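Structure, as structure tokens:
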Amino acid sequence: MEGLKECEANLVVYLHPSKAKCASDAILNELSSLIFTYSETFEGVVLAYDPNICSNLAKILPGIHPYFGVKLKARLLLFNPKPDMVVEGEVVKITPQSIHAVVLGFSSAFIADEDIRDDFKHKIKRGKEVYVSRTHKKHKIKVGTILRFIVKSFDEEILHISGSLVADHTGCARWLDKNLDEWSQADSTIKKRKSGEGEDEKPRSDRLMVQREALSLENDVQVKKAKKKKKNIVES
């Protein structure tokens with residue numbers, strides 16, 4: 001899934017003197033406070049960490065409570081979805097106007113009706129709401145489905161994703177993986193059709209210019225023939 005990345009960071013964790021005897025546990029507690037929060041320093045939501053304390057030595061800060069700083073290196077797993085990235089989440093709610101999902105167990109995702117392509121039709125089956133593809137009847141989106149969608153925006157403060165299902169390579173991840181040939185061929189056909197329409201529209205002005213040039217050349221030939229004929233009459 002896109003939006004995930006690893007990074008190595010050099011950190012300094014400041015601990016209260018009372019934590020000196022259990023510094024390792026105190027460091028882990030400090031790092032755990034970063035989990036599922038967006039860090040501007042690392043440019044992403046911290047999902048996991050793997051710390052490595054560089055030295056047993058610590059720098060003591062002067063003050064009423066002389067905190068001490070412990071240097072360490074940590075490998076961090078970050079999540080920072082950008083627009084047009086493809087991410088996946090579990091569907092938790094479906095309505096005629098929207099689809100709601102949870103990404104990686106913590107980030108809520110919302111897909112509005114205008115961002116759901118027309119191929120999906122909202123239905124109620126056995127008392128449960130579901131979206132069914134008009135083209136492929138087995139392609140369904142319901143509560144519990146792992147949904148693959150495109151990121152439109154990401155609110156870093158509330159960790160909320162706005163998504164889209166307009167593209168053909170979005171929908172039920174399981175169905176898309178099993179039927180790769182079907183939707184990829186349909187996608188390529190649509191793209192070819194659009195590019196063909198673009199090619200037909202683009203040369204229209206060019207064709208007019210060619211026609212005008214052809215008419216101009218044809219008129220020139222007729223004029224030359226008329227002049228030549230007139231000249232022959234005069235000579236005779």
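Just so it is clear, the model here is predicted, and its values are computed rather than measured.
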**Request:** Show your reasoning for whether side-chain contact (heavy atoms from CB on, under 4.5 Å) applies to K93 and I99.
**Result:** CA-CA 6 Å; K93 183 180 179 181; I99 297 176; over 6 Å; no
**Request:** Evaluate the side-chain contact (heavy atoms from CB on, under 4.5 Å) criterion for residues I146 and V91: first the C-alpha distance (whole Å), next the side-chain angles of each, then the deciding distance (0.1 Å), finally the verdict.
**Result:** CA-CA 6 Å; I146 301 301; V91 176; over 6 Å; no
**Request:** May I have the step-by-step check of side chain to side chain donor-acceptor pair (under 3.5 Å) for S162 and H160, ending in yes or no?
**Result:** CA-CA 7 Å; S162 176; H160 179 81; 6.0 Å; no
**Prompt:** After noting the C-alpha distance and the side-chain angles of R75 and E6, does the key distance pass the salt bridge (charged side-chain N to carboxylate O under 4.0 Å, His left out) rule?
**Reply:** CA-CA 7 Å; R75 291 177 58 195; E6 284 188 5; 3.0 Å; yes
**Intermediate values then yes/no, side chain to side chain donor-acceptor pair (under 3.5 Å), T170 and R117** = CA-CA 10 Å; T170 59; R117 62 181 180 274; 3.0 Å; yes
**Message:** Is there a side-chain contact (heavy atoms from CB on, under 4.5 Å) between L78 and V45? Walk through the geometry before answering.
**Reply:** CA-CA 5 Å; L78 306 172; V45 180; over 6 Å; no
**Request:** Show your working on side-chain contact (heavy atoms from CB on, under 4.5 Å) between V151 and E2 and close with a plain yes or no.
**Result:** CA-CA 10 Å; V151 176; E2 296 180 337; over 6 Å; no
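Residue pairs meeting the side-chain hydrogen bond (donor to acceptor under 3.5 Å, both in side chains) criterion with at least one member in residues 22-50, sequence neighbours excluded, are Y38-E156.
Two residues are said to be in side-chain contact when any heavy atoms from C-beta on lie closer than 4.5 Å; V70 and V12 fail this criterion. Counting heavy atoms from C-beta outward, S133 and K121 have side chains that stay 4.5 Å or more apart. In this structure, the side chains of S107 and F154 come closer than 4.5 Å at one or more pairs of heavy atoms. Inter-residue side-chain proximity for N52 and L72 is flagged as unmet; no heavy-atom pair is nearer than 4.5 Å. Residues L34 and L76 fail the side-chain proximity criterion, which asks for heavy atoms closer than 4.5 Å. A heavy-atom distance below 4.5 Å is not found between the side chains of L47 and I35.
Here L176 contributes atom CG and E88 contributes atom CD; the two are 9.0 Å apart, rounded to the nearest 0.5 Å. One finds the NE2 atom of H169 at 11.5 Å from the CG atom of L180 (value rounded to the nearest 0.5 Å). Remark: R148 CZ to I150 CD1 distance equals 11.0 Å, nearest 0.5 Å. To the nearest 0.5 Å, atom CG of residue L159 and atom OG of residue S108 are 8.0 Å apart. Taken from CG in D115 to CG in L165, the straight-line distance is 8.0 Å, to the nearest 0.5 Å. The distance from atom NZ of K138 to atom CH2 of W175, rounded to the nearest 0.5 Å, is 10.5 Å.
Between K152 and D84 there is no salt bridge, since no side-chain nitrogen of the basic residue lies less than 4.0 Å from a carboxylate oxygen of the acidic one.
Within 6.0 Å of CZ on R174 lie no more than 12 heavy atoms contributed by other residues, nucleotides or ligands. In the displayed structure, K178 atom NZ is contacted under 6.0 Å by at most 12 heavy atoms of other residues, nucleotides or ligands.
Separation of the H139 and F120 ring centroids falls under the 6.0 Å cut-off.
Other members of the hydrophobic cluster containing V130, listed by chain and number, are V132; membership follows side-chain contacts under 4.5 Å among ILVMFWY residues, whether direct or relayed.
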